[in-house]
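The block underneath contains the structure these notes are about, expressed in C-alpha cells.
Here, residue 1 is the first one in the sequence, and each next residue gets the next number.
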Amino acid sequence: MNETRREFMRGAGAALAALSLSQASAEAAGDAAGSEKGGPAMHYRNARELIGLLQSRQASAVELTDRAIARIEAHDDKLNAVVVRDFERGRAAAIEADKALARGERAPLLGLPMTVKECANVAGLPTTWGIPGTQQIPVGEDAVTVARLKAAGAVVLGKTNLPLMLADMQSYNAIYGTTNNPWDLSRTPGGSSGGAAAALAAGYVSLELGTDIGGSLRIPAHFCGIFAHKPTHGIVPLRGIAPPGTPSLSIPMRIELAVAGPMARSAGDLALALEIIAGPDATDALGYKLALPPPRHTELRDFRVLVLDTHPLLPTAASVRTALDGMADRLAGRGVKVARTSALLPDLARIGRTFVQMLAAMFAADYPDDIYAGLKSRAAALPADADSTAAARLRATIMSYRDWVKTDRIRIGITNRWQLLFRDFDVVLCPVTPTPAFAHDHSEMAARRLSVNGTEIPYGDHIMWNGNATLAGLPSTAMPIGLSSEGLPIGMQIVGPAMEDRSTIAFAELVEREFGGFVPPPAFKS
C-alpha cells in the first residue's frame, strides 16, 4: 500500500470504521441475547454487525462462510444470482481469516463473506461480461477494487450475474441465463448489477461490489429494495474492470461516466466499503491524495433538500411519486428544509438528452463493424427534423469526435450549474426509474416498451433519471423508501455535490435511522 493510500485510509475514514465496529458489537450482542446464535436473523445482519460478531469471537469466518454457501445452494436455483462460484477458495480464505482473528489481527472486513459483480476481475475466475466464447480466457490478476477488498479481509465467494456487455436494465445473458427478482420471480432485479442486488436482498451476503454508468448500481437497488452508492466519478479505480481479454494494465484506467461502487443492505455498510475501495490507483504517476470532506451535517434536520418528482421527458409512475412525496413530507415533519423548485436547477430535459447521447456514443464504440454500419444507414435515413430522444440516441451512436467535444462542453456547463445549486442545497432527492421492477422482457431491445401510468415509453428512456448524477459525475446514493401497492420496492436517489460522497451516504443513514430501510422479501425471510 503506497503512502498516499495509507493517508487516505486514516483520519475520518478510520474513525468512522472504528465507531461503526463498536456500535456493531453492541448491536450484535444484543441481538444474540434475544435469539439463538445463528438463527434466521443471521442471514440479514448487516456487514458491520457481522464484523462485530467476528471480532468479539461470537462467530467465526468459517461459520459465516458456510452459512452463506448453504443459503446460496438452497435458494439460487430460484434466483440465479451467484453465477460463478468459488466456494472452495472462499472457505480456505475463511480458515486463514479465523487464524488471523485468533492472533488478534484486525482489518475492516476480516472474515466477512461477500460476492462481486462478474465484470470485475478475480484472479482464477472467468470474466465474460456475458459474451459467449470468453469463458476460457485466463484472468491472472484481481481488479484494484477486488484486491483492496481482499486486503481488507473480505472472503470472496464468487461473482454475480449481469447483462450482455453490461448494457441492459435486466440481468441475463447466453452464458449464465436469467436472474430473477427476490420480490417477484417473474420480474427483473435490474441491471447491470442485478445479480448483486438479488444476492443481497435474498440474504446471501451483506456486501457487494458493482458498477454504474446508466444506473447499474441504482436501478437494481431500487428494484430489489437495497442500498447502493454511485461514487463521484474517478474516485474509485476501474483498473481490472474491463471486457474479457483486455490486456492487464499497469497504468490507471479512466472511463467517461463509468464508476464502481458498493452495494449493501444499510447505508453504514456503504460508508465502510467506500473507505476501502476509494482512493488513488497505486499506479497513478501523480500519486495525488484523495481528500473527501466529512458530511455537511450530522443531524437530519440540518439538511437542505430539493425534491424532484417530475421529469420533462417522461412520466413517472404514481406509486413512485407518492413514495417520494411521502418521504418529503416526513422529512419536513422532522424539521428538514424541503424545497420543490429552484431557479438554479439545471435543465432536466437538456441533461436527459445529453446523457443519452454520450451514453449511446460510448456503447457504440465497441459495436462490431456490421452493426455500426447498420446504425450509420439508419441515422442517415432519419428526417432532418426528427428530434425525439430515440432519434438523438441513434445519431449519437455515430457521433464524430467534433460532435463529442461539443456535447462534452454542454456537459461541463451542466456540471457547473449543479455545483452552483449545491451552494443552496445539500442533497437532491429524485426517483431512480419511473416504475418499480418490471416483468422480464428479452425481446429485441429497440422494440421494447414500458408502460408508465398507462403511457408507453421507449425502453431506453427508463434510465433518464439517472443522468442527473451520471452526466455531471456526482455521487448518488440509492435507498429503499417504501413498497408499491403490488408489494414491490421503491427507492430514491440522494444526489450530492462532487466529492461529497460522505454527505449523501450520511443523509441516507440518517433517513434509515429515522424511517427504516431494507426489509426482506417475503419469500426469503427465513
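The closest side-chain donor-acceptor pair between Tyr204 and Asp76 falls under 3.5 angstrom. With 3.5 Å as the limit, one finds a donor-acceptor pair spanning the side chains of Glu208 and Thr160. Defined by atom type and a distance below 3.5 Å, a donor-acceptor pair is present between the side-chain atoms of Thr127 and Asn121. For the 3.5 Å distance criterion, the side chains of Thr188 and His440 fail to qualify, holding no donor opposite an acceptor.
In this structure, NE2 in His442 is found 5.0 Å from OH in Tyr172, a value given to the nearest 0.5 Å. A distance of 7.0 Å separates CD of Glu118 from CD1 of Ile175, quoted to the nearest 0.5 Å. For the atom pair Met169 CE and His222 NE2, the distance stands at 10.5 Å (nearest 0.5 Å). Put simply, OG on Ser206 and CE on Met42 are 10.5 Å apart, with the number rounded to the nearest 0.5 Å. Atom OG1 of residue Thr145 and atom CD1 of residue Ile241 lie 4.0 Å apart, to the nearest 0.5 angstrom. Here the OG1 atom belonging to Thr246 is positioned 6.5 Å from the CE atom belonging to Met253, to the nearest 0.5 angstrom.
Checked by atom type and distance alone, the side chain of Glu49 pairs as donor or acceptor with a backbone atom of Asn46 at under 3.5 Å. In this structure, the side chain of Asn173 does not engage the main chain of Trp129 through any donor-acceptor pair within 3.5 Å. Judged by distance alone, the side chain of Asp269 and the main-chain N or O of Arg48 form a donor-acceptor pair under 3.5 Å. Side chain of Asn161 to main chain of Ala81: no donor-acceptor pair is present (N/O by atom type, distance under 3.5 Å, no hydrogens or angles). A distance-only check finds a donor-acceptor pair linking the side chain of Arg71 to the backbone of Ala202 [under 3.5 Å]. Side-chain atoms of Asp501 come within 3.5 Å of backbone atoms of Thr232 as a donor-acceptor pair (strictly under, hydrogens ignored). No donor-acceptor pair closer than 3.5 Å links the side chain of Arg218 to the backbone N or O of Lys230. The main-chain N or O of Leu185 is never found under 3.5 Å from a side-chain atom of Asn181 such that the two would form a donor-acceptor pair. A donor-acceptor pair under 3.5 Å links the side-chain atoms of Asp212 to the main chain of Leu217, judged by distance alone. Arg448 places a side-chain N or O within 3.5 Å of a backbone atom of Ser443 that can act as its donor or acceptor partner.
Here the side chains of Glu512 and Met479 are in contact, with some heavy-atom distance below 4.5 Å. In this structure, Val139 and Leu125 have side chains that are not in contact, with every pair of non-hydrogen atoms separated by 4.5 Å or more. Contact annotation: the side chain of Asn468 never approaches that of Leu474 to less than 4.5 Å [non-hydrogen atoms, C-beta and beyond]. Leu429 has its side chain within reach of Ile494: a pair of non-hydrogen atoms, C-beta onward, lies under 4.5 Å apart. Between Arg254 and His233, the closest side-chain pair of non-hydrogen atoms falls below 4.5 Å. Pro293 has its side chain out of reach of Arg502: every pair of non-hydrogen atoms, C-beta onward, lies at least 4.5 Å apart. Leu101 is listed as a side-chain neighbour of Leu110, based on a closest heavy-atom distance under 4.5 Å. Contact check for Arg296 versus Pro497: side-chain heavy atoms found under the 4.5 Å cut-off.
When all heavy atoms are compared, the tightest approach of Ala197 to Cys224 is CB-SG, 3.8 Å. Here the shortest heavy-atom pairing between Pro480 and Gly517 reads CG-C, 3.7 Å. Closest approach of Phe518 and Gly225 over heavy atoms only: CD1-O, 3.0 Å. Between Val146 and Ala120, the shortest heavy-atom contact is CG2-CB, 4.1 Å. The two atoms that bring Asp98 and Arg57 nearest to each other are O-NH2, 4.3 Å, heavy atoms only.
You'll find the ring centres of Phe438 and His462 inside the 6.0 Å limit.
The number of heavy atoms from other shown groups lying within 6.0 Å of CG (Asp369) does not exceed 12.
Looking at Glu275 and Arg148, no side-chain N of the basic residue comes within less than 4.0 Å of a carboxylate O on the acidic one, giving no salt bridge.
For the side chain to side chain contact (heavy atoms under 4.5 Å, CB included) criterion with Thr477, the lone passing option out of Val495, Ile505, Leu274 is Ile505. For the side chain to side chain donor-acceptor pair (under 3.5 Å) with Ser216, the qualifying choice from Ser193, Ser192, Ser171 is Ser192, the only one to do so.
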